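The structure under discussion appears below in the form of structure tokens.
Counting convention: from 1, in listed order, for ligands and their atoms alike. Quick caveat, the model's predicted, so the values are computed rather than measured.
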Amino acid sequence: MAEYEDRIHGFDKYTSGLFAPEDDALKQAREDMDREGLPSINVSASEGKLLHVLALISAPRRILEIGTLGGYSAIWLARALPAGGKLVSLEIDPHHADVARGNIARAGLADRVEVRTGPALETLSQMIAYGEEPFDLVFIDADKDAYVDYLGKAMALLRDGGILLGDNTLPDAVLTDGADSGTKRYNAAVAAHPDLVSINVPVLRDKGIDGLLLSIKRTRAA
Ligand code: SAH
Ligand code: DHB
Ligand code: MG
């Protein structure tokens with residue numbers, strides 16, 4: 001097993017070194033998170049770059065992120081926005097939100113990124129009730145037990161043809177029949193959803209392999 005983990009680590013080091021080197025803003029964002037006592041559960045650099053490239057492919061004007069932490073993934077995503085584009089990121093913890101706002105400002109993205117504090121399910125319900133303009137891309141990365149609920153809200157806020165992304169979709173629970181986890185339930189709900197075309201993409205992380213569930217919302221015939 002150790003040999004396998006060494007190989008994953010080596011593949012991640014190689015890939016991120018070549019394709020996802022961090023500039024000062026990203027390095028400082030991680031340092032700030034550490035200093036402020038935030039957990040190191042942000043996406044890896046190579047997954048951040050994957051988010052960035054997926055966003056460039058879909059050329060979004062509006063991105064929604066659920067789960068901000070210190071703003072690390074928000075920086076990768078927001079850097080794919082055109083001038084005048086917008087990323088709204090939802091975070092329950094006011095301290096996380098503060099750290100994120102600082103990191104986003106230092107990255108020069110304060111004009112494009114808005115961090116909204118509060119329980120995401122409530123914020124999402126309000127956004128739907130108040131007729132929030134649809135998003136072109138939604139990235140779900142908050143509390144795993146609520147992913148299936150976030151799926152329902154995200155579908156209401158995502159435009160036809162938009163991209164839906166869910167992080168941490170290869171939990172160990174998928175290796176055991178009957179074992180339960182929030183993202184395993186999310187995977188099943190997405191796979192069964194008639195309006196989503198999806199694939200679970202393995203991603204390299206420092207600690208091992210995880211998944212990013214990539215979906216496109218199909219356009220329904222009228
Ligand atoms: N996307 C970030 C990592 C997010 S970690 C990155 O890759 O950089 C998950 C975050 O979701 C944490 O900051 C946690 O406080 C937040 N969170 C947990 N439950 C939440 C909820 N109910 N509503 C909004 N945010 C929540
Ligand atoms: C962990 C990683 C994540 O990407 C996340 O969103 C939550 C937790 C973890 O490694 O524990
Ligand atoms: Mg995550």
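- Residues S16 and K49 have side chains that never bring a donor and an acceptor to within less than 3.5 angstrom of each other.
- Excluding waters, the protein N/O/S atoms found under 2.8 Å from the Mg ion (ligand 3) are D141 OD1, D167 OD2, N168 OD1.
- For the atom pair OH (Y72) and CG (L38), the distance works out to 14.5 Å, reported to the nearest 0.5 Å.
- Remark: the N168 side chain and the T183 side chain contain no N/O donor-acceptor pair separated by less than 3.5 Å.
- Here L56 is tied to no hydrophobic group at all, with no ILVMFWY side chain closer than 4.5 Å.
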Which N/O atoms of ligand 1 sit under 3.5 Å from a protein N/O, and at what distances?
unit_1, atom_1, unit_2, atom_2, d
ligand 1, 1 (N), G67, O, 2.9
ligand 1, 1 (N), S73, OG, 2.8
ligand 1, 1 (N), D141, OD2, 2.8
ligand 1, 7 (O), V43, N, 2.8
ligand 1, 7 (O), S73, OG, 3.2
ligand 1, 7 (O), D141, OD2, 3.4
ligand 1, 8 (O), S73, N, 3.1
ligand 1, 8 (O), S73, OG, 3.3
ligand 1, 13 (O), L69, N, 3.4
ligand 1, 13 (O), E91, OE1, 2.7
ligand 1, 13 (O), E91, OE2, 3.2
ligand 1, 13 (O), H96, ND1, 2.8
ligand 1, 15 (O), E91, OE2, 2.6
ligand 1, 15 (O), H96, ND1, 3.3
ligand 1, 19 (N), D143, OD1, 3.2
ligand 1, 22 (N), D143, OD1, 3.4
ligand 1, 22 (N), Y150, OH, 3.3
ligand 1, 23 (N), A120, N, 2.8
ligand 1, 25 (N), I92, N, 3.1

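- Note that CG of D167 and OG of S73 are 8.0 Å apart. Values are rounded to the nearest 0.5 Å.
- Nearest heavy atoms, P60 versus L137: CB-CB, 4.4 Å.
- Within 4.0 Å of ligand 2, counting heavy atoms only, the contacting residues are I41, D141, K144, D167, N168, R205, K207.
- A salt bridge links E114 and K86; the closest N-O separation between the charged side-chain nitrogens and carboxylate oxygens is under 4.0 Å.
- S46 and D12 share a side-chain donor-acceptor pair at under 3.5 Å.
- Of the N and O atoms on the side chains of Y150 and D143, at least one donor lies less than 3.5 Å from an acceptor on the other residue.
- For the atom pair CG (D136) and CD1 (I163), the distance works out to 9.5 Å, reported to the nearest 0.5 Å.
- Of the residues V43, L51, I66, I41, the one that meets the side chain to side chain contact (heavy atoms under 4.5 Å, CB included) test with D141 is V43.
- Under the 3.5 Å distance criterion, the side-chain polar atoms of H193 are left unmatched by any main-chain donor or acceptor of S198.
- For the pair I75 and V113, the minimum side-chain heavy-atom distance is 4.5 Å or more.
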